[in-house]
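Written below as structure tokens is the structure these notes are about.
The structure presented is a predicted model; accordingly, all values stated were derived computationally and were not measured.
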Amino acid sequence: MSYFFILFFTIYVATRKDIIYENITGVSTAPEYRILVIIYTLICAIYFAYQMNRHFHYLNRYPRYIPTLIFLAALFMSIGAFCPYSKDNSWLSSIHVYASMTASLLFIIILQIYTHQLSIQCPAIYFQTHWLFHLGLQILVVIFFVSGAINGIIEILYVLFICFYLFSIDRQMKKVSRMTYLTKNFRNKYYQTYNYRGYSTYKHSSSSCVFCYFCKRMNLLSA
């Protein structure tokens with residue numbers, strides 16, 4: 001539900017001006033929307049940092065520099081929010097532009113690293129979801145070269161693809177978690193029944209367990 005809130009909040013803020021010729025930075029130049037844009041940007045910085053960190057914890061392992069990259073992305077996004085943009089090319093405007101661009105690129109880099117790690121550790125989930133990220137990135141690049149500028153449409157699609165990609169991974173992880181839970185319960189009942197009937201003690205091993213196919217496929221949640 002939180003993904004939809006961020007998406008609709010983005011659409012609301014971006015549409016305060018013409019999304020074809022303006023972007024959220026342009027919206028922030030209007031005095032009546034300045035506080036709204038600051039609040040929106042800070043919420044997005046905290047929210048996406050939290051979601052990135054949470055999704056990396058789905059994995060058994062990930063590079064040690066990932067928390068630093070996530071922190072830097074959120075920090076640059078917050079800096080861009082507090083540095084007002086104006087059309088006179090002041091130094092504050094330059095900081096706003098470069099900080100916002102750096103934050104956006106860092107989030108894409110972090111997602112690319114995450115997608116790569118997902119392909120190694122959770123290939124089944126990777127094949128179900130990776131196309132969302134790569135297709136979204138290609139569409140953003142095409143629209144950017146066609147329009148020649150970053151407008152409200154690109155910003156809305158940027159948030160849409162990130163939210164949809166993370167939401168899809170969440171759904172796949174819940175399916176895996178549910179299947180792992182059912183498999184473990186059924187396996188435990190099987191062992192208990194086997195021992196209760198007086199047969200020899202059954203020692204679980206990967207070569208003899210009929211469920212180990214699922215165990216290996218779901219080991220990302222049992223580690």
Output a table of donor-acceptor pairs, distance under 3.5 Å, between side-chain atoms of residues 26-33 and any protein atom two or more places apart or on a different chain; print 'none' if there are none.
{"unit_1": "Ser28", "atom_1": "OG", "unit_2": "Thr25", "atom_2": "O", "d": "2.4"}
{"unit_1": "Thr29", "atom_1": "OG1", "unit_2": "Lys17", "atom_2": "NZ", "d": "3.4"}
{"unit_1": "Thr29", "atom_1": "OG1", "unit_2": "Gly26", "atom_2": "O", "d": "2.4"}

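- A search for ring-ring contact (aromatic ring centres under 6.0 Å, His included) contacts involving Tyr158 returns nothing, not counting sequence neighbours.
- Two residues are said to be in side-chain contact when any heavy atoms from C-beta on lie closer than 4.5 Å; Pro67 and Tyr62 meet this criterion.
- The line from CD1 of Ile43 to CD1 of Ile46 is 8.0 Å long, rounded to the nearest 0.5 Å.
- In this structure, CD1 in Ile109 is found 11.0 Å from CG in Leu72, a value given to the nearest 0.5 Å.
- In terms of the side-chain contact (heavy atoms from CB on, under 4.5 Å) criterion, residue partners of Phe71 (sequence neighbours excluded) are, by chain and number, Leu75.
- For the residue pair Ser86 / Ser93, a side-chain donor-acceptor distance below 3.5 Å is found, with atom types taken as modelled.
- The cluster map of Ile, Leu, Val, Met, Phe, Trp and Tyr, joined by side-chain heavy atoms under 4.5 Å apart, puts Trp131 and Leu160 in the same cluster.
- Note that CG of Leu69 is 12.0 Å distant from CG of Asn53, once rounded to the nearest 0.5 Å.
- Transitive grouping of hydrophobic side chains (ILVMFWY, heavy atoms separated by less than 4.5 Å) keeps Leu106 and Phe82 in distinct clusters.
- The minimum heavy-atom distance between Ala14 and Ile19, with the atom names listed, is O-CG2, 3.4 Å.
- Judged as a side-chain contact (heavy atoms from CB on, under 4.5 Å), and not counting sequence neighbours, the contacts of Ile11 are Leu7, Phe8, Thr15, Ile156.
- Note: the hydrophobic cluster containing Ile6 also contains Ile108 (ILVMFWY, side chain heavy atoms under 4.5 Å, direct or indirect links).
- In terms of modelled atom types and a separation under 3.5 Å, the side chain of Arg16 and the main chain of Tyr12 share a donor-acceptor contact.
- Within a 6.0 Å sphere centred on CZ of Arg34, heavy atoms belonging to other residues, nucleotides or ligands number more than 12.
- Using a 4.5 Å cut-off between side-chain heavy atoms of Ile, Leu, Val, Met, Phe, Trp and Tyr, with links allowed through other members, Tyr40 and Ile35 fall into the same hydrophobic cluster.
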Open item on the list: Walk me through whether Ile110 and Phe56 qualify under side chain to side chain contact (heavy atoms under 4.5 Å, CB included).
Closed with: CA-CA 10 Å; Ile110 292 168; Phe56 269 100; 3.5 Å; yes
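- Here Thr102 pairs with nothing under the side chain to side chain donor-acceptor pair (under 3.5 Å) rule; sequence neighbours left out.
- Heavy-atom neighbours of Phe164 CZ from other residues, nucleotides or ligands within 6.0 Å: at or below the threshold of 12.
- Ser119 meets the side-chain contact (heavy atoms from CB on, under 4.5 Å) test with His116, Tyr126; sequence neighbours excluded.
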TODO: Evaluate side chain to side chain contact (heavy atoms under 4.5 Å, CB included) for Tyr165 paired with Thr115, printing each intermediate quantity in order.
DONE: CA-CA 10 Å; Tyr165 180 50; Thr115 303; 2.7 Å; yes
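- With hydrogens and angles disregarded, no donor-acceptor distance shorter than 3.5 Å links the side chain of Gln128 to the backbone of Gln172.
- Proximity of Val13 to Thr41: side-chain heavy atoms (C-beta onward) are nowhere separated by under 4.5 Å.
- Qualifying side chain to side chain donor-acceptor pair (under 3.5 Å) partners for Ser78, counting only residues two or more places apart in sequence or in other chains: none.
- For the atom pair Phe48 CZ and Leu111 CG, the distance stands at 9.0 Å (nearest 0.5 Å).
- The backbone N or O of Gly80 sits less than 3.5 Å from a side-chain atom of His96, completing a donor-acceptor pair.
- Residues Ile39 and Val37 are members of one and the same hydrophobic cluster, defined by side-chain heavy-atom contacts under 4.5 angstrom among Ile, Leu, Val, Met, Phe, Trp and Tyr.
- Side-chain contact between Ile125 and Tyr58 is absent, with no heavy atoms from C-beta onward closer than 4.5 Å.
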Task: Derivation and outcome, side chain to side chain contact (heavy atoms under 4.5 Å, CB included), residues Met77 and Ser100 - done: CA-CA 5 Å; Met77 200 169 183; Ser100 301; over 6 Å; no
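- Side chains of Met52 and Tyr114 form no contact here, defined as non-hydrogen atoms less than 4.5 Å apart.
- In this view, Tyr85 satisfies the side chain to side chain donor-acceptor pair (under 3.5 Å) rule with no residue, not counting sequence neighbours.
- Sorted by first and then second residue, the salt bridge (Lys or Arg N to Asp or Glu O under 4.0 Å) pairs with a member in residues 41-63 read Arg54-Asp170; sequence neighbours excluded.
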- [ ] List the steps, then state whether side chain to side chain contact (heavy atoms under 4.5 Å, CB included) holds for Ile70 with Tyr50.
- [x] CA-CA 9 Å; Ile70 294 174; Tyr50 165 76; over 6 Å; no
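- A search for side chain to side chain donor-acceptor pair (under 3.5 Å) contacts involving Tyr47 returns Ser2, Gln51, not counting sequence neighbours.
- Residues Tyr3 and Ile162 fail the side-chain proximity criterion, which asks for heavy atoms closer than 4.5 Å.
- Taking the side-chain contact (heavy atoms from CB on, under 4.5 Å) definition, one finds that Pro63 meets it with Tyr65, Ile66, Ile113, Gln117, sequence neighbours left out.
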Mind listing the side-chain donor-acceptor pairs of residues 132-146 below 3.5 Å, one per line with the distance, residues two or more places apart or on another chain?
{"unit_1": "His134", "atom_1": "ND1", "unit_2": "His130", "atom_2": "O", "d": "3.1"}
{"unit_1": "His134", "atom_1": "ND1", "unit_2": "His130", "atom_2": "ND1", "d": "3.3"}

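- In this structure, CD in Gln121 is found 5.5 Å from CG in Asn60, a value given to the nearest 0.5 Å.
- In this structure a side-chain-to-backbone donor-acceptor pair under 3.5 Å is present from Asn23 to Ile150.
- Shortest non-hydrogen contact noted between Ser147 and Ile154 is OG-CD1, 3.9 Å.
- In this structure, the separation between CD1 on Ile20 and CG on Asn151 is 8.0 Å, given to the nearest 0.5 Å.
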